[in-house]
Engineer: 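The structure that follows is given in the form of structure tokens.
Just so you know, these numbers come straight off a predicted model, no measurement behind them. Atoms within each ligand, like the ligands themselves, are counted from 1 in listed order. All residue numbers refer to positions in the sequence shown, counting from 1.
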Amino acid sequence: MAHRIVILGAGTGGTLTANRLRRAFSEGDAEITVVDQDNRHVYQPGLLFVPFGLTRPEDIVRPRERQLHKGIEYRQVGIERVEIASNEVHLQDGAVLPYDVLVVATGVRLLPGETEGLAGTGWMEKVFTFYSLEGAAALGGRLARFDGGRLVVNVVDMPIKCPVAPLEFCFLADWYFRERGIRDRVEITYATPLDGAFTKPVASAALADLLDEKGVHLVTEFNTGEVDGEEGRLVGYDGREIPFDLAVVIPLHGGAEYVGRSPGLGDELDFVPADRHTLQSDAAPNVFVIGDASNLPASKAGSVTHFEGEVMVENIRRFLSGESLDASYDGHANCFIETGHHKALLIDFNYETEPLPGRFPTAVGLPLLEESRLNHLGKLVFQFFYWHSLLPGRDIPGINSDMPLSGKSRPAHSVR
Ligand SMILES: Cc1cc2nc3c(=O)[nH]c(=O)nc-3n(C[C@H](O)[C@H](O)[C@H](O)COP(=O)(O)OP(=O)(O)OC[C@H]3O[C@@H](n4cnc5c(N)ncnc54)[C@H](O)[C@@H]3O)c2cc1C
């Protein structure tokens, strides 16, 4: 009898997993079903460019179903809950999907309602997010009419998807207002709950220098308690206030709502605990997790999802044939950081090694932690690779799930 594999979510992780599995198993060996609530696959790195008029919303959206290989069943319906004890997924149309292996790939949910005032007065007028397609498009309209004042970019809490995206937004805002000839009339502030510009010391110092160079004011350890859209101020739990004319806020993130309705599956934020090297969930041996939906200490990024996919698909194959799992996922993450003026930085790191300077993937590759036009081109070209290599489940030559060390160097003054 064919194995029944059910994949929840048809975003980055669900799509690449389904396509890789379809290649690994014949149709007679495995039935693959993918469930998602809508049919709109957004290339999320493109959301950064929408507010600045560098990409149109329609250029970063494709039908989910069309990204799936032949022989994969697609169900467009919300998920009600998972019953781990009976190996069943209950869908919102009342259907029940029994499974032998379940893959959770339902990403994160934005929770603006969890911060006082954020979704209240001024939301989508004076207070925006670019983390959704609607938000990014609405912010584009507002930025085009903004002719001076205080812009604050704020991360409410970690973890967030693509932790460098808010920094990229600051760099692009600096570039955008310069292009419009009004940079001297705009004050840009970046308010973060972290104790620096980024999480790891070497990259944090490099990114703080870049913010400084571009005249972006950095406010650290700012824990947003309230967003007052009427008065135009962020209020921190420690009483500090940051006034604004326009706020770009990254709301609190949580896992999908159905996770909370599924006994034993998730944690208090509805993320799914899993083994950080095999991607097998703590909930049951036949449940695997990929991408933003997990509680792993890896970045919530498409690159991470891609690297996890290679190991996880191999582990599903091993699980179904009774072999021991491959514990080789090392937390590898790789991100281009757009810095404006047609330049970008590149960072590459894993659970153990922080982002370091040097070259990627070898000593003659792209510059790491250094602005270059080549990295900017890499960021632009990546959209093509996303639709044509990453989602179809093809390997990208020279880029593997194991983080390469050759080409990297540790600055003499760095602390680890
Ligand atoms: C502004 C921005 C910029 C980014 N830039 C980069 C970048 O430069 N590089 C990078 O590597 N990453 C970047 N990312 C992050 C990257 O897009 C995500 O990490 C990646 O898409 C995660 O894939 P995923 O499969 O876990 O989740 P997703 O791709 O978000 O897919 C989750 C899917 O689950 C579905 N779903 C959820 N709940 C339910 C339900 N109850 N019923 C049915 N379906 C459900 C959703 O509809 C969705 O399709 C960026 C993200 C943002 C927001």
Engineer: Considering only heavy atoms of G291, which atoms of ligand 1 have at least one such atom less than 4.0 Å away?
Structural biologist: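 It comes down to these atoms of ligand 1: 26 (O).
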Engineer: Identify the closest protein heavy atom to atom 25 (O) of ligand 1: which residue and atom is it, and at what distance?
Structural biologist: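 Minimum-distance protein heavy atom for atom 25 (O) of ligand 1 reads G13 N, 2.7 Å.
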Engineer: I'd like to know if E134 pairs up with R40 as an ion pair, taking the criterion as any Lys NZ or Arg NE/NH1/NH2 lying under 4.0 Å from an Asp or Glu carboxylate oxygen.
Structural biologist: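 Between R40 and E134 there is a salt bridge, with a charged N closer than 4.0 Å to a carboxylate O.
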Engineer: Verify whether one side chain among Q67 and T15 offers a donor that lies under 3.5 Å from an acceptor in the other.
Structural biologist: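 No, because no side-chain N or O of Q67 sits under 3.5 Å from a partner of the opposite role on T15.
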Engineer: Identify, for atom 19 (O) of ligand 1, the protein heavy atom at the shortest distance, and state residue, atom and that distance.
Structural biologist: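 For atom 19 (O) of ligand 1, the nearest protein heavy atom is D292 OD1, 2.9 Å.
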Engineer: Using a 4.0 Å heavy-atom cut-off, say whether V77 meets ligand 1 through its side chain, its backbone, both or neither.
Structural biologist: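 Looking at V77 and ligand 1, just backbone atoms fall under 4.0 Å.
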Engineer: Give me the residue, atom name and distance of the protein heavy atom closest to atom 9 (N) of ligand 1.
Structural biologist: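 The closest heavy atom on the protein side is P45 CG, 4.2 Å.
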Engineer: Using the six-membered ring of Y351, assess whether NZ or CZ of R276 lies under 6.0 Å from its centre and within 45 degrees of the ring axis.
Structural biologist: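 So R276 does make the cation-pi contact.
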Engineer: Looking at atom 35 (C) of ligand 1, what's its closest protein heavy atom, distance included?
Structural biologist: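 Looking at atom 35 (C) of ligand 1, the protein heavy atom closest to it is D36 OD2, 3.2 Å.
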Engineer: May I ask you to decide whether R20 forms a salt bridge with D395, counting only side-chain N to carboxylate O separations under 4.0 Å?
Structural biologist: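 Result for this pair is yes, salt bridge flagged.
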Engineer: Between H217 (side chain) and G215 (backbone), is there a donor-acceptor pair under 3.5 Å?
Structural biologist: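 Not confirmed, H217 side chain does not pair with G215 backbone.
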Engineer: Report the nearest protein non-hydrogen atom to atom 14 (N) of ligand 1: residue, atom name, distance rounded to 0.1 Å.
Structural biologist: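 Residue, atom and distance for the closest contact: C162 CB, 3.5 Å.
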Engineer: Using a 4.0 Å cut-off to any heavy atom of R64, which atoms of ligand 1 qualify?
Structural biologist: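 Heavy-atom distances to R64 below 4.0 Å select 47 (O), 48 (C), 49 (O).
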Engineer: Which ligand 1 atoms, with their elements, are less than 4.0 angstrom from a heavy-atom of F130?
Structural biologist: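 Taking each heavy atom of F130 in turn, ligand 1 has 1 (C) under 4.0 Å.
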Engineer: If you measure from each non-hydrogen atom of A105 to ligand 1, which part falls under 4.0 Å: side chain, backbone, both or neither?
Structural biologist: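 A105 to ligand 1: backbone contact only, side chain stays beyond 4.0 Å.
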Engineer: Nearest protein heavy atom to atom 21 (O) of ligand 1, by residue and atom, and its distance?
Structural biologist: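 For atom 21 (O) of ligand 1, the nearest protein heavy atom is T12 OG1, 2.8 Å.
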Engineer: Show which atoms of ligand 1 fall inside a sub-4.0 Å distance from at least one heavy-atom site of G78.
Structural biologist: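 Every atom of ligand 1 under 4.0 Å from some heavy atom of G78: 42 (N).
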Engineer: Is a side-chain donor-acceptor pair under 3.5 Å present for T106 with Y258?
Structural biologist: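 A donor-acceptor contact under 3.5 Å links the two side chains.
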Engineer: Compare Q92, Q44, E308 and give the one whose heavy atom is closest to atom 51 (C) of ligand 1.
Structural biologist: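 Heavy atom nearest to atom 51 (C) of ligand 1 belongs to Q44.
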Engineer: Return the closest protein heavy atom for atom 27 (O) of ligand 1 as residue, atom name and distance.
Structural biologist: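 Of the protein heavy atoms, G107 CA, 3.6 Å lies nearest.
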Engineer: Between Y99 and T33, does any side-chain donor sit less than 3.5 Å from a side-chain acceptor?
Structural biologist: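 Distance-only check fails for Y99 and T33.
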Engineer: I need the atoms of ligand 1 closer than 4.0 Å to a non-hydrogen atom of Y258, numbered in the order shown.
Structural biologist: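 Counting from 1, the qualifying ligand atoms are 41 (N).
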Engineer: Does the side chain of D326 pick up a donor-acceptor pair with the side chain of N315 at under 3.5 Å?
Structural biologist: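 On atom types as modelled, these side chains do not qualify, holding no pair under 3.5 Å.
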Engineer: Ignoring hydrogens, just give me the one of G9, A293, A10, G302 whose non-hydrogen atom is nearest atom 10 (C) of ligand 1.
Structural biologist: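 Nearest heavy atom to atom 10 (C) of ligand 1 lies in G302.
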Engineer: Pick one of side chain, backbone, both or neither for how Q37 approaches ligand 1, counting any non-hydrogen atom pair under 4.0 Å.
Structural biologist: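 Both the backbone and the side chain of Q37 come within reach of ligand 1.
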